[in-house]
Amino acid sequence: MSHRTVAALMALFLSVSVSWAHPGHGDSEDLRLWKDAEGLFEIEASFSLEKDGKALLIKHDGAAVWIPVARLSAADREWIRARKEEIARMNGDSAAIVRAGDGQSVTGMVVLGMTGLVVLALAGNATRKRWSVAPFAGSAAVLLMAGAWGVAAWLQDAPPAIQRHFEPFKDKLRFRSDGDWFYVESNGMPDHPMMVGIRAWQQQVPIPQNYTGGNAWQIPIKPRMADTPVSAKSALFRGAIALAVNGVPIFNPIKNDGRTDTFTAGELDQYGGHCGKGDDYHYHIAPIHLEKIVGKGKPIGYALDGFPLYGYLDQGGNEPKNLDAFNGRMERDGYKYYSTKTYPYVNGGLKGVVTVRGDQVDPQPRANPIRPEGRPLRGAKITGFSRDDEKRTVKVVYELSGKAHSVQYTAK
């Protein structure tokens, strides 16, 4: 292989690296109004890339928003398809092998840079001649710099690590992030049946909530230990203290009267949840059932201070020992909360930095009541739950004085 051939190959690698690095980011001609298929939102932003079925949009203020392509309008999906074809034509056929906008990994970019160096080494061995690398030193340096630039650009666009723990439920959730917060949008309705087994019922029923936009859940991306942690024994009796990875909030196991254990009082269903005064479904004990989906040893939620909540076992499959009063402990890779079968069941408060206002973490989403709060129905026990997501109907069956009754409604 001649020096000229090697130089040509390096030029090819260099040109491909640069064109893959960050297609479309910040291009003024990409600034447009994006809409979702259901007409729920509009956002003015530029298209940066598509990765894992999601489009990364950059707003005026530089904030990055990840939106599932399938949820965008037909016109926006067609625009992205055409844009990708345009990028492919600009890069040439060879660029179609791997492209940052189509899920390029850091590994791919590193391999690209290393390949150029391997070509140099192989060329020298193949000719069995001693030749100087000086003519190629400048090109190699530029190649490595271009690769580093590409890696940096990819890392900047990559979602925060916390997102991967919510990904098993990505069909029901929406994610976005900025430099400080990870945002989760949901309707608060889990896939599993709700309310069955409740013996102390206040006639509340689960209704979808609008935890979207400015009312989305937000979790610190870089949690910090607080100088003065907040204990769930004496505070945080209002609102959520954590968010399960399926988008359902987790409340203090002690209800808002500051003394009643919701679990021992019979107020929770078989999954550890019930509905609040706003007909908002939430858990009060650990949603251990989520491990069947996310896997054992993986977080089943995140406290609103940013630290993860695990099930009954640690990543080694052992029951964690020496938990502090907050059901947590410091490990090699950071602080973690664990679930227990006895109080406090979940994180016993917040060891991380948070702002508390009105006895709850602030900011956090608000439920949207559509009717007056219910009253306790003495002697009632909920025995059945069914729903038709296509028709958006829900039916809650309960027993009272030996007779079966039901509540059926449309949950829009």
Side-chain angles (χ1 to χ4, degrees), residues 19-91 95-96 98-105 153-160 162-179 181-189 191 208-219 245-247 365 389-390 392 411-412:
S19 62
W20 288 347
H22 203 174
H25 180 72
D27 291 347
S28 59
E29 65 268 25
D30 288 349
L31 192 64
R32 62 195 307 275
L33 191 64
W34 301 81
K35 301 179 181 180
D36 81 318
E38 298 178 3
L40 299 178
F41 71 83
E42 293 183 352
I43 178 173
E44 189 175 32
S46 62
F47 173 73
S48 179
L49 57 85
E50 180 188 356
K51 182 176 184 292
D52 296 333
K54 297 182 180 65
L56 176 62
L57 307 180
I58 307 299
K59 298 194 295 185
H60 285 292
D61 58 1
V65 181
W66 286 94
I67 298 178
V69 174
R71 294 189 178 180
L72 290 171
S73 67
D76 289 338
R77 295 196 301 271
E78 174 60 22
W79 189 96
I80 291 176
R81 185 197 63 78
R83 177 60 173 156
K84 289 172 61 180
E85 288 185 356
E86 178 185 356
I87 293 173
R89 287 194 300 270
M90 291 171 59
N91 286 329
V98 185
R99 188 158 54 244
D102 293 329
Q104 164 67 352
S105 67
W154 190 93
L155 289 173
Q156 182 180 4
D157 291 334
I162 183 177
Q163 180 171 316
R164 71 176 184 273
H165 298 130
F166 290 82
E167 286 287 348
F169 303 93
K170 62 184 179 181
D171 291 342
K172 298 292 182 68
L173 308 177
R174 295 183 183 182
F175 314 120
R176 66 180 191 276
S177 62
D178 54 31
W181 301 93
F182 173 62
Y183 301 91
V184 180
E185 297 187 355
S186 76
N187 65 3
M189 296 282 280
D191 290 332
Q209 300 296 316
N210 184 30
Y211 300 139
T212 63
N215 200 46
W217 295 99
Q218 57 185 85
I219 302 170
V245 292
N246 63 348
D389 288 339
E390 185 174 338
R392 297 187 177 182
K412 295 184 178 180

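- Exactly one of Val65, Ile67, Ile43 qualifies for a side chain to side chain contact (heavy atoms under 4.5 Å, CB included) with Trp34. That residue is Ile43.
- The minimum heavy-atom distance between Ser177 and Tyr183, with the atom names listed, is CA-CD1, 4.0 Å.
- Between Lys170 and Lys54, the closest heavy-atom pair is CD-NZ, 3.8 Å.
- Summarising the geometry, atom OG belonging to Ser48 is positioned 7.5 Å from atom CH2 belonging to Trp66; distances are rounded to the nearest 0.5 Å.
- Asp76 places a side-chain N or O within 3.5 Å of a backbone atom of Lys35 that can act as its donor or acceptor partner.
- Ring geometry for Phe182 versus Phe166: interplanar angle of 30 to 60°, hence tilted.
- Distance check: Thr212 OG1 to Arg174 CZ gives 8.0 Å after rounding to the nearest 0.5 Å.
- Scanning all heavy atoms of the two residues, the minimum distance from Val69 to Ala55 falls at CG2-N, 3.7 Å.
- Looking only at side-chain heavy atoms (C-beta outward), Phe175 and Pro159 stay at 4.5 Å or farther from each other.
- Between Asp52 and Glu167 the shortest side-chain heavy-atom distance does not fall below 4.5 Å.
- No side-chain heavy atom of Phe47 sits less than 4.5 Å from a side-chain heavy atom of Arg32.
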Point to revise | Verdict with supporting geometry, Arg81 and Arg77, side chain to side chain contact (heavy atoms under 4.5 Å, CB included) | key: CA-CA 6 Å; Arg81 185 197 63 78; Arg77 295 196 301 271; over 6 Å; no
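- With sequence neighbours left out, Arg164 forms a salt bridge (charged side-chain N to carboxylate O under 4.0 Å, His left out) with no residue at all.
- Taking each heavy atom of Arg176 and Glu185 in turn, the nearest pair found is NH1-OE2, 2.7 Å.
- Here the straight-line distance linking atom OH of Tyr211 with atom CG of Leu173 works out to 13.0 Å at 0.5 Å rounding.
- Taking Glu390 as the reference, nothing meets the salt bridge (charged side-chain N to carboxylate O under 4.0 Å, His left out) condition, with sequence neighbours excluded.
- Considering all non-hydrogen atoms of both residues, Asn187 and Met189 come closest at OD1-N, 2.9 Å.
- Here the shortest heavy-atom pairing between Asn210 and Asn215 reads O-ND2, 3.0 Å.
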